[in-house]
Structures are given as structure tokens and as C-alpha cells.
Amino acid sequence: MIETIPAKTIVTVNKSREWFGTDYTMNLYRGCSHGCIYCDSRSSCYGIEDFDRVRVKENALTLVRNGLSSKRATGVVAMGSMSDPYNPFEKEMEYTRKALELISAYGFGAMITTKSPMITRDIDVLKKIQVHSPVLCALTITTCSPSLAKKLEPNAPPPAQRLEALRRLSQEGIFAGVLLMPVVPYIEDSEENIREVVYSAALAGARFVYPMLGMTLRDGQREYFYQKLSELFPKEQLPAAYQKKYGPRYKCFVPGVHKLTQAFREEAEQRGLMTEMDEIVKAYQRTYDFGQLSFFEA
């Protein structure tokens, strides 16, 4: 049985609409079971103790209902910013599915970030939302190598399963694509890896690939990440390489980032994929009037 934690609110207003044009953020769960060694949500500034243990917020669906009904304007709700909304508990508990049903009932749109193929379970609800409001689904894929993914994301579903989920979403007419982030320096930052992810995304029907060719390192997260690097790649002495290259820096772009960016854009353009945030936002929100978020014929 999943543990509950107290919460006063769940649907929060975004300070800006920079993240895929979303207006609100919703995190039903706290913590994540994927075990990704690079996860920014481990950072001390977020204050999430025992991050690898998933908990759900008390009275979550009541808080979601109250939060949505009290908003003066509808908009797009982002899910998955701090923890994956499709963790193993979700299969039985269905908090994410029920929250999406509330999003639909109150006339909001949805933007979901996940590493789980479980998202395909809710295609029917996503299609209901898409009738009146924007929907965007983003599958995070940083490598297509199952062995490398197993090291970096030990408990997450394999990349092949995420690509299959992307294929199903796309076939059902859901606007979907790939988050190519983070690209871990010295590990995932080869041109071959980047091109393979972009090619595989296109093959699965992605509309976009949005990258971060590097990663973030903050207090709490940095120490955990370095420890895992030492355990997983003992011969490479990667923590020393990071300390020399980045020091206490927060944003750590891969070495040769400009050359790799050029290769990424070249591959994406060849495959017909969007890569710029403004372009992606305009595309998935194109058929909606944001005065009332009402659907109209394009």
C-alpha cells in the first residue's frame, strides 16, 4: 500500500509559460522509483527526503478538483515535473488517470512528461481532453542502448518500450514527442547516440525532439551523481573529470556542445522533427482559442 503525505494544494500556477506553454503544474506523487542517477529532483533545494520512495499526497483528487474549479482561467496543466506520474503504484491506484478525467471535466489541457509506457492506458482520456483543449505527451529518452539506460535509469522501463508508447500515442492522433534530456556528459554525448535517438523518435511517429545537451548539478544531486558514477564507471574516473570541467557550475553542457547541436539539428531537420520550443508550442496549441480554450475548426 502506498504511503500518503500531507498537502495543502496540488494545482499550482506557473510563474512563466516557458515549459511547453503550460499554465499550471500538478504533482500528485512525491518521489520517484526510476532511480535515474542524474535526476535534478534529488537536489537539496526541493527538500524531498528519501527521493526513491514514492508517496501520494493526501486527498489528492479532492485537492485537484478544488484547484481546477477555483482557477479563474483554464489552461494547460503540466504533469511529471518532479516525479513520474506513471510510477508502479499508478497501475492500481489510478490517481493520474482520475486527475486527467478531472482536467477534461473542467476544460483544461494537459502536458505529460513520463518514461513509462503506462501512459498508453489513458489514451482514451487524452483524446477526450484533446477535443476541447491542447494535449502534449513527452517521452524522455536519452539513449536507445538498453544496457546504458539500465545503468543510468535502473528501474525505468527500457527505451524500446517508451518508443513503442510513442508510436501508439502518435497512431491515435495524440501530439507526442521525445525529451532528449539530460544528455550526460562523457557518457551519452556522442554524435552516434544523439542521431540514433532522433532517428528512432521519427520512426515512432514523434512530432518533436526537444534537447538539453548536458545536465544540471546542484547540491544534493551532485554528490549522489558522483557516487553513482564511481560505482558504475570505476575505470573512467568521471567525478574528477566533472570537477575539473564544471566545478560548482549548475548548468553543465557537454564538451563540444556547438558541434553536437549542429549534428542534432541536422538529423532532426532531415527527419522532419520540430526542435524549438516556440515552434512546438504553436503546433500543439494551434487549433485552440486561449481566450476560452474552446475548440474550433482550423
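Starting from 1, each residue takes its place in the sequence as its number.
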> Does some side-chain heavy atom of Phe51 sit less than 4.5 Å from a side-chain heavy atom of Cys39?
Replying inline: yes
>> Ignoring hydrogens, what is the shortest heavy-atom contact between Cys144 and Pro159? Give both atom names and the distance.
In response: CA-CB, 4.1 Å
> Measuring from Arg30:CZ to Ser41:OG, what's the distance to the nearest 0.5 Å?
Replying inline: 11.0 Å
>> Any donor-acceptor pair under 3.5 Å linking the side-chain atoms of Asp84 with those of Thr114?
In response: yes
> So does Glu267 pair up with Arg195, basic N to acidic O under 4.0 Å?
Replying inline: yes
> Above 12 or not: heavy atoms from other molecules or residues under 6.0 Å from OH of Tyr199?
Replying inline: no
>> With a 4.0 Å cut-off on N to O distance, would you call Asp52 and Arg42 a salt bridge?
In response: yes
> Does any non-hydrogen side-chain atom of Val77 lie less than 4.5 Å from one of Met111?
Replying inline: no
>> Using side-chain heavy atoms (C-beta onward) and a distance below 4.5 Å, is Val178 in contact with Thr140?
In response: no
>> Show the nearest heavy-atom pair for residues Leu28 and Ala99, with the distance to one decimal.
In response: CD1-CB, 3.8 Å
>> Surrounding CZ of Arg265 (heavy atoms of other residues, nucleotides or ligands, distance under 6.0 Å), is the total greater than 12?
In response: no
>> Using every non-hydrogen atom in the two residues, find where Phe208 and Cys137 come nearest and quote the distance to one decimal.
In response: CZ-O, 4.1 Å
> Between Thr275 and Ile280, which heavy-atom pair has the shortest distance, and what is it?
Replying inline: C-CD1, 4.2 Å
>> Between Lys128 and Glu101 (salt bridge meaning N to carboxylate O under 4.0 Å), is one present in this structure?
In response: no
> Counting N and O atoms only, with roles assigned by atom type, does the side chain of Ser116 sit under 3.5 Å from a partner on the main chain of Met118, one being a donor and the other an acceptor?
Replying inline: yes
>> Taking Leu100's backbone N and O only, do any of them form a donor-acceptor pair with Ser104's side chain (distance below 3.5 Å, no angle check)?
In response: no
> Salt-bridged, Glu279 to Lys282, with N to O below 4.0 Å?
Replying inline: no
>> Quick check for you: to the nearest 0.5 Å, what is the distance between Glu231 atom CD and Lys228 atom NZ?
In response: 4.5 Å
> What pair of heavy atoms forms the shortest contact from Val281 to Gly21, and how long is it?
Replying inline: CG2-N, 3.7 Å
>> Tell me if the aromatic rings of Phe20 and Tyr284 count as close, with their centers under 6.0 Å from one another.
In response: no
> Charged N to carboxylate O below 4.0 Å: is that the case for Asp50 and Arg53?
Replying inline: yes
> Does Gly67 offer a backbone N or O that forms a donor-acceptor pair with the side chain of Ser70 under 3.5 Å?
Replying inline: yes
>> On a heavy-atom basis, which atom in Asn27 and which in Ser83 lie closest, and how many Å separate them?
In response: OD1-N, 3.9 Å
> Going from CD on Gln285 to CZ on Arg17, what distance comes out if it is rounded to the nearest 0.5 angstrom?
Replying inline: 5.5 Å
> Quick check: are there more than 12 heavy atoms from other residues, nucleotides or ligands sitting under 6.0 Å from CD of Glu58?
Replying inline: yes
>> Quick one, Phe108 with Tyr24, criterion ring pair (Phe, Tyr, Trp, His ring centres under 6.0 Å). Give me CA distance, side-chain angles, the key distance, then yes/no.
In response: CA-CA 10 Å; Phe108 287 72; Tyr24 305 99; 5.7 Å; yes
> Cluster partners of Tyr250, using ILVMFWY side-chain heavy atoms under 4.5 angstrom, listed by chain and number?
Replying inline: none
> How many angstroms lie between OH in Tyr224 and SG in Cys36, if you round to the nearest 0.5 Å?
Replying inline: 9.0 Å
> Does any non-hydrogen side-chain atom of Leu61 lie less than 4.5 Å from one of Tyr95?
Replying inline: yes
> Do Tyr38 and Glu153 have side-chain N/O donor and acceptor atoms under 3.5 Å apart?
Replying inline: yes
>> Hydrogens and angles aside, do Ser145 and Ser147 bring a side-chain donor and acceptor to less than 3.5 Å of each other?
In response: yes
> Taking the side chain as C-beta and beyond, is there a heavy-atom pair between Ile10 and Asn66 under 4.5 Å?
Replying inline: no
> With distance as the sole criterion, is a donor-acceptor pair present between the side chains of Thr96 and Asp122 under 3.5 Å?
Replying inline: no
>> Strictly distance-based, threshold 3.5 Å: is any side-chain N or O of Arg121 a donor or acceptor partner for the main-chain N or O of Pro117?
In response: no
> Salt bridge between Arg222 and Asp40, side-chain N to carboxylate O under 4.0 Å?
Replying inline: no
>> Just checking Glu223: does its CD atom have more than 12 heavy atoms from other residues, nucleotides or ligands closer to it than 6.0 angstrom?
In response: yes
> Which value, rounded to the nearest 0.5 Å, describes the distance between Ile141 atom CD1 and Glu196 atom CD?
Replying inline: 10.5 Å
> Are side-chain heavy atoms of Phe253 and Met212 found at a separation under 4.5 Å?
Replying inline: yes
> Are any non-hydrogen side-chain atoms of Met26 and Leu102 less than 4.5 angstrom apart?
Replying inline: no
> Between the side chains of Asn14 and Thr25, does any donor sit under 3.5 Å from an acceptor?
Replying inline: yes
Determine all donor-acceptor pairs shorter than 3.5 Å in which one atom belongs to a side chain in residues 179-188; sequence neighbours excluded.
from	atom 1	to	atom 2	distance (Å)
Glu188	OE1	Val184	N	3.0
Glu188	OE2	Thr142	OG1	2.6

>> Is it the case that the side chains of Asn87 and Ser33 hold a donor-acceptor pair, with the cut-off being a distance below 3.5 Å and no angle test?
In response: no
> For the atom pair CD1 (Ile174) and CD (Gln130), what is the distance rounded to the nearest 0.5 Å?
Replying inline: 4.0 Å
>> Quick check: do Tyr226 and Gln243 have side-chain heavy atoms less than 4.5 Å from each other?
In response: yes
> Has Gln262 got more than 12 heavy atoms of other residues, nucleotides or ligands less than 6.0 Å from its CD?
Replying inline: no
> Which is it for Glu90 and Tyr29 under the side-chain hydrogen bond (donor to acceptor under 3.5 Å, both in side chains) test, yes or no, and what are the steps along the way?
Replying inline: CA-CA 10 Å; Glu90 172 61 21; Tyr29 296 96; 2.7 Å; yes
> So, does Glu191 use its side chain to make a donor-acceptor pair with the main chain of Ala263 at under 3.5 Å?
Replying inline: no
